[in-house]
Amino acid sequence: MSMRKIISLFLCAVCIVTLAAVSRTTTLAAETAEVPKLYITTDNGSGLSLQKEDGYTDAHIKVTDNGESVADESVVVKVRGNSTAMARKKSFTFKFSKKRDLLGMGKGKKWALLANPFDPTLLRNYVMFDFADELGLEYTSRQKIVELWLDGSFRGCYTLMEPVQDGKDRVDIDVEGNKDFLLEYERLRTDEGTSYITSKGGLRFGVSAPDEPDDEQLEYITNTVNRLTDVMASGDREAIENAIDVPSFAKFYVLNEFAKTNDFNFSSVFFYYKDGKLYAGPPWDYDLSMGNVNKDFSSNSASAFKTDGLQILLLELRLRLQDRRAAD
């Protein structure tokens with residue numbers, strides 16, 4: 001046998017042994033991989049039948065990570081979401097009596113458990129939040145993949161997340177000083193307990209923070225948004241750069257254009273005003289993105305379904321035209 005054949009056989013043997021070792025290691029890693037586990041038990045045993053209109057119900061939560069208990073206390077829990085609230089696998093919000101750190105994600109009373117029922121991969125939200133973090137968007141919600149048991153019933157894989165809200169470890173704005181605020185662009189929906197404003201340009205926002213603004217605060221927020229609208233309509237670059245944080249708007253545009261999210265310019269689009277400037281973000285709600293839409297449902301879905309073109313820009317122009325026609 002020639003030396004070349006001997007060397008070839010030796011290299012093949014090395015490759016086979018290496019592949020077997022890698023396969024064995026991968027298999028072992030898959031067998032031992034664990035995610036944090038959440039056990040929520042409602043006081044009245046109604047967890048599996050909870051609906052959004054039921055609001056909060058008393059419950060107890062136990063959280064374990066690698067078999068060790070990291071939380072074991074009372075909470076209140078409710079169904080969260082809008083269209084997702086009607087899904088069989090429901091998303092939840094739970095709230096502690098006081099702020100606490102959970103799985104190293106910073107302190108907060110309120111936490112979101114996303115079921116991602118409309119995303120078969122369960123990964124679109126997770127991927128886009130990671131992307132937003134890489135882009136450097138401030139206050140991108142931290143997240144953990146977890147497993148949930150509700151009233152003893154295994155409910156599957158969820159994403160535990162920080163909800164978009166003000167707080168030192170969330171969106172760090174000075175709500176108490178009545179100078180900063182957090183807005184959610186909401187084109188049509190009305191949620192009970194949320195105050196809404198409409199700018200002179202016809203944009204409608206829900207006030208997320210302050211939580212219960214009084215008339216004076218609503219007037220201040222409305223006047224500020226109208227002033228910013230005038231500045232951006234002026235085309236004065238220096239004035240615009242002084243009024244809004246241009247880098248955050250650029251990053252937010254890239255994020256949503258890449259995702260081609262179906263909800264952009266309709267709902268779950270956040271902006272916050274801090275230290276005299278308007279910022280884009282934090283990001284939220286990407287289950288209906290990256291082609292995970294029914295292109296026959298609406299013109300917006302058809303646009304979001306395409307992989308080419310400037311979906312976000314064209315959507316904005318189309319909505320503006322619809323508003324103008326409705327006004328006429």
Side-chain angles (χ1 to χ4, degrees), residues 99 101 105-112 128-143 161-186 193-257 264-265 267-285 312 316:
K99 292 183 178 180
D101 189 350
M105 293 191 287
K107 289 186 177 181
K109 282 185 179 181
K110 189 182 294 185
W111 296 85
M128 292 314 301
F129 279 94
D130 262 6
F131 184 30
D133 193 46
E134 290 294 326
L135 284 173
L137 275 167
E138 291 285 345
Y139 310 122
T140 297
S141 298
R142 285 164 284 192
Q143 55 185 352
M161 299 194 70
E162 302 173 295
V164 176
Q165 62 176 168
D166 64 295
K168 185 177 180 181
D169 286 324
R170 301 285 169 86
V171 183
D172 191 8
I173 54 178
D174 182 19
V175 174
E176 298 299 326
N178 293 330
K179 293 182 178 180
D180 300 344
F181 51 83
L182 173 65
L183 301 176
E184 178 182 4
Y185 178 71
E186 183 51 65
T194 300
S195 300
Y196 293 88
I197 66 165
T198 301
S199 72
K200 63 168 61 177
L203 298 178
R204 181 173 179 265
F205 298 94
V207 180
S208 298
D211 187 35
E212 297 180 354
D214 56 31
D215 291 341
E216 183 179 349
Q217 289 172 317
L218 285 176
E219 182 180 7
Y220 165 73
I221 293 171
T222 303
N223 290 339
T224 301
V225 171
N226 284 338
R227 177 178 59 80
L228 293 169
T229 301
D230 288 338
V231 170
M232 287 186 276
S234 72
D236 185 329
R237 178 169 180 170
E238 183 178 355
I240 290 172
E241 290 179 344
N242 288 329
I244 72 170
D245 181 70
V246 175
S248 71
F249 274 80
K251 293 171 184 178
F252 201 54
Y253 175 83
V254 169
L255 177 75
N256 288 286
E257 186 64 69
F264 192 83
N265 225 324
S267 182
S268 300
V269 183
F270 288 91
F271 302 89
Y272 62 95
Y273 189 74
K274 179 177 180 177
D275 297 334
K277 271 193 174 183
L278 184 69
Y279 292 75
W284 193 255
D285 204 1
I312 301 302
E316 170 67 18

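The structure displayed is predicted, hence computed values, not measured ones. Only this structure's heavy atoms are used, side chains among them; waters, hydrogens and symmetry mates stay out.
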**Item:** Which atom of Leu137 lies closest to which atom of Ala280, heavy atoms considered
**Value:** CD2-O, 3.9 Å

**Prompt:** Looking at side-chain heavy atoms only, is the closest gap between Pro213 and Leu218 below 4.5 Å?
**Reply:** yes

**Asked** Once you round to the nearest 0.5 Å, how far does OG of Ser199 lie from CZ of Arg227?
**Response** 13.5 Å

**Prompt:** Crowded around Lys107 NZ? As in, over 12 foreign heavy atoms under 6.0 Å?
**Reply:** no

**Item:** Shortest non-hydrogen separation from Gln143 to Phe129 and the atoms involved
**Value:** NE2-CB, 3.5 Å

**Message:** Would you compute the distance between atom OH of Tyr279 and atom CZ of Phe249 and round it to the nearest 0.5 angstrom?
**Reply:** 10.5 Å

**Asked** To the nearest 0.5 Å, how far apart are CG in Asn226 and CD1 in Ile221?
**Response** 12.0 Å

**Item:** Lys251 side, atom NZ; Glu134 side, atom CD - distance, nearest 0.5 Å
**Value:** 11.5 Å

**Prompt:** Parallel under 30°, tilted from 30 to 60°, perpendicular over 60°: which one fits the rings of Tyr273 and Tyr220?
**Reply:** perpendicular

**Prompt:** Stepwise, does the side-chain contact (heavy atoms from CB on, under 4.5 Å) test hold for Lys200 with Thr222?
**Reply:** CA-CA 9 Å; Lys200 63 168 61 177; Thr222 303; over 6 Å; no

**Message:** Using side-chain heavy atoms (C-beta onward) and a distance below 4.5 Å, is Val269 in contact with Phe264?
**Reply:** yes

**Message:** Under a plain distance cut-off of 3.5 Å, with no hydrogens placed, do Lys274 and Tyr139 share a side-chain donor-acceptor pair?
**Reply:** yes

**Prompt:** Any side-chain heavy atom of Leu203 within less than 4.5 Å of one from Thr229?
**Reply:** no

**Complete:** d(Asp211 CG, Asp166 CG) to nearest 0.5 Å is 8.0 Å

**Message:** Quick one, Arg170 with Val164, criterion side-chain contact (heavy atoms from CB on, under 4.5 Å). Give me CA distance, side-chain angles, the key distance, then yes/no.
**Reply:** CA-CA 7 Å; Arg170 301 285 169 86; Val164 176; over 6 Å; no

**Message:** As a quick check of understanding, evaluate side-chain contact (heavy atoms from CB on, under 4.5 Å) for Phe205 and Glu186, giving each step before the final call.
**Reply:** CA-CA 5 Å; Phe205 298 94; Glu186 183 51 65; over 6 Å; no

**Request:** Drop me the distance from Ser267's OG to Asp285's CG, to the nearest 0.5 angstrom.
**Result:** 7.0 Å

**Fill in**
Correct closest heavy-atom pair for Trp284 and Met161 would be CZ3-CE, 4.1 Å

**Message:** Tell me if a side-chain donor or acceptor on Asp180 pairs with a main-chain N or O of Asp174 at a distance below 3.5 Å.
**Reply:** yes

**Request:** Could you tell me which non-hydrogen atom of Thr194 sits nearest to which non-hydrogen atom of Gly206, and how far apart they are?
**Result:** CG2-CA, 4.0 Å

**Request:** Side-chain contact test, heavy atoms from C-beta onward, threshold under 4.5 Å: evaluate it for Ile244 versus Met232 and give yes or no.
**Result:** yes

**Shortest non-hydrogen contact between Phe270 and Glu184, atoms and distance** = CE2-CB, 3.5 Å

**Message:** Tell me whether the NZ or CZ atom of Arg142 lies within the 45° cone about the ring axis of Trp111 and under 6.0 Å from its centre.
**Reply:** no

**Asked** Any donor and acceptor pair, going by atom type alone, linking the side chain of Gln217 with main-chain N or O of Asp214 inside 3.5 Å?
**Response** yes

**Request:** Taking the side chain as every heavy atom from C-beta outward, state whether Leu255 and Met128 have any atom pair closer than 4.5 Å.
**Result:** yes

**Fill in**
Minimal heavy-atom distance between Ile173 and Phe181, with the atoms involved, is CD1-C, 3.7 Å

**Item:** Min side-chain heavy-atom separation Val207-Leu183 under 4.5 Å
**Value:** yes

